[in-house]
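The chains referred to below are lettered A, B, ... by the order of the sequence lines, with proteins before strands, and numbering in each begins at 1. Everything numeric in this text was worked out from a predicted model, so none of it was measured.
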Protein chains: 2
Amino acid sequence: MEGSAPRRTRIQQEKRELILEAALEVFSTNGFRGSTIDQIAEAAGMSKPNLLYYFRRKEDIHETLMQRLLDTWLAPLRELDDIGDPLTELRSYIRRKLEMARDFPRESRLFANEILQGAPRIMPLLEGELKTLVDEKATIIKGWMRAGKIAKTDPWHLIFSIWATTQHYADFDVQVRAVLGADRGGDGRFEDAARFLEQLFLDGLKPKD
Amino acid sequence: MEGSAPRRTRIQQEKRELILEAALEVFSTNGFRGSTIDQIAEAAGMSKPNLLYYFRRKEDIHETLMQRLLDTWLAPLRELDDIGDPLTELRSYIRRKLEMARDFPRESRLFANEILQGAPRIMPLLEGELKTLVDEKATIIKGWMRAGKIAKTDPWHLIFSIWATTQHYADFDVQVRAVLGADRGGDGRFEDAARFLEQLFLDGLKPKD
DNA sequence: CAAAATTTTGACCGGTTGGACAAACGTTAG
DNA sequence: CTAACGTTTGTCCAACCGGTCAAAATTTTG
């Protein structure tokens, strides 16, 4: 019995990967119920029954995708630790998170879709693993505040605000580009965003003097 | 010919309102494609053909909902004007926006759903009405910066960050509550958020001295 | 009351979708 | 070659879904 490692041949590994890649594309733009197995199969270059040979149910694909997603998605937060200057640490967390929004917008949208609909499939993860991680990092941040290294405020809401502002550039990308227009909505928007966010989180809006 | 005001009896007005209310509930939690006419009809307490008597197509309901939504949704930004102290003006914009996230989370989620999927139905509005409004307000904010009333930064990204942080409490509500836990995730979370956001946007994270 | 107009419903339809299945195809090992 | 195993596909099905339609029920109007 080997329930924890049921993988077989190399072909299966490759095909499963192909399907997951295709499913990420389709799910992230159409949502779970808005996506069809046929769409995913076509995007993966195979027939529907063939796809169902590798994943028995549509939900299995989604579940596998979500499991992998959470690991990579929370990696930047996991890296946040006590060594180094607090402000620098927070600044690079924001930068990494923004880079993920730029480089993995599909993952961000998939996650947003799931949360928007009430997180029916990952609620236990949110209340368990995620809460534990955030609480742990909030304690670190609280320590920084007590030591006078950063301003005193609510660490949890601070983390929320970093998530919100960075993921916004992935989840609401079409809106951002529409509002910025053709000239400013190009590739440079992420650098503009990085500059702005750094200033916002470090200094706020009050004029310097 | 009265294409602009095709409303008829009082019953029609009431039933249409009933349907829109039910559709808001269903669409905002399941997305457009994830929602069925049957679900909406049941939530509105009527049969499917009866619902289709008031709205001929599923898309008509969604379209009507989106049109109304945008007006109320952008109201807080429209109120932002040049009279009064800039920092106070921005602070009350943030507060109003957060109140909307608290009082109209379904509207926020409906909008988020639409944007997430590439805004297929409201793209023209984003590039037209919305962009015009944001550009106009960005000009006002730029004036404040030139006058030294607030710190110099990018007005567009400032507006994005206000949208992102406030709507986060509606769109990602389940995640916020899961992470905050039973004790801190109660009704007080919006007041905590308001306090945090005020501090973030005004002073940033650098320690006071 | 009676005719006209409006509202509601049951039955139905065509298209789509998730999924099952067995047969065919390919590949590898003896 | 051939048997065994893994892979691929055509076909099919039952459930669902958006939408139609005609008839029935109700309300409005004269």
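- Take A/Trp163 and apply the ring pair (Phe, Tyr, Trp, His ring centres under 6.0 Å) test, not counting sequence neighbours, and it matches A/Phe160.
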Next on the checklist: At under 4.0 Å between heavy atoms, how does the protein contact nucleotides 14-28 of chain C? Give one character per nucleotide, 5' to 3', with B, S or -.
Outcome noted: ---SBBBB-------
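- A sub-4.0 Å separation between OP1 or OP2 of D/dG6 and a side-chain N or O of A/Lys15 is absent.
- For A/Tyr169, the ring pair (Phe, Tyr, Trp, His ring centres under 6.0 Å) partners two or more places apart in sequence, or in a different chain, are B/His157.
- Between the side chains of A/Asp192 and B/Trp156, no donor-acceptor pair of N or O atoms lies under 3.5 Å.
- Straight-line distance from the CD atom of A/Gln13 to the C1' atom of D/dT7: 16 Å, rounded to whole Å.
- In this structure, B/Ile19 places its CD1 atom 15 Å from P of D/dG18, rounding to the nearest Å.
- Note on residues 31-40 of chain A: no pairs pass side-chain hydrogen bond (donor to acceptor under 3.5 Å, both in side chains), not counting sequence neighbours.
- We find that CE of B/Met46 is positioned 17 Å from C1' of C/dG10, with the value rounded to whole Å.
- Rounded to a whole Å, the OH atom of B/Tyr53 is 8 Å from the P atom of C/dT8.
- Proximity of B/Gln12 to the phosphate of C/dT7: a side-chain N or O atom is located under 4.0 Å from OP1 or OP2.
- At whole-Å resolution of the value, CZ in B/Phe55 and P in D/dG18 are 16 Å apart.
- Across the protein-nucleic acid pair, A/Asn50 atom CG and D/dT11 atom C1' stand 16 Å apart, rounded to whole Å.
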Pairs under 3.5 angstrom only: tabulate donor-acceptor contacts from the side chains of residues 42-51 of chain B to other protein residues two or more places apart or in another chain.
unit_1: B/Ser47; atom_1: OG; unit_2: B/Asn50; atom_2: N; d: 3.4

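- Each salt bridge (Lys or Arg N to Asp or Glu O under 4.0 Å) pair with one or both residues in residues 151-170 of chain A, not counting sequence neighbours, appears once here: A/Asp154-B/Arg184.
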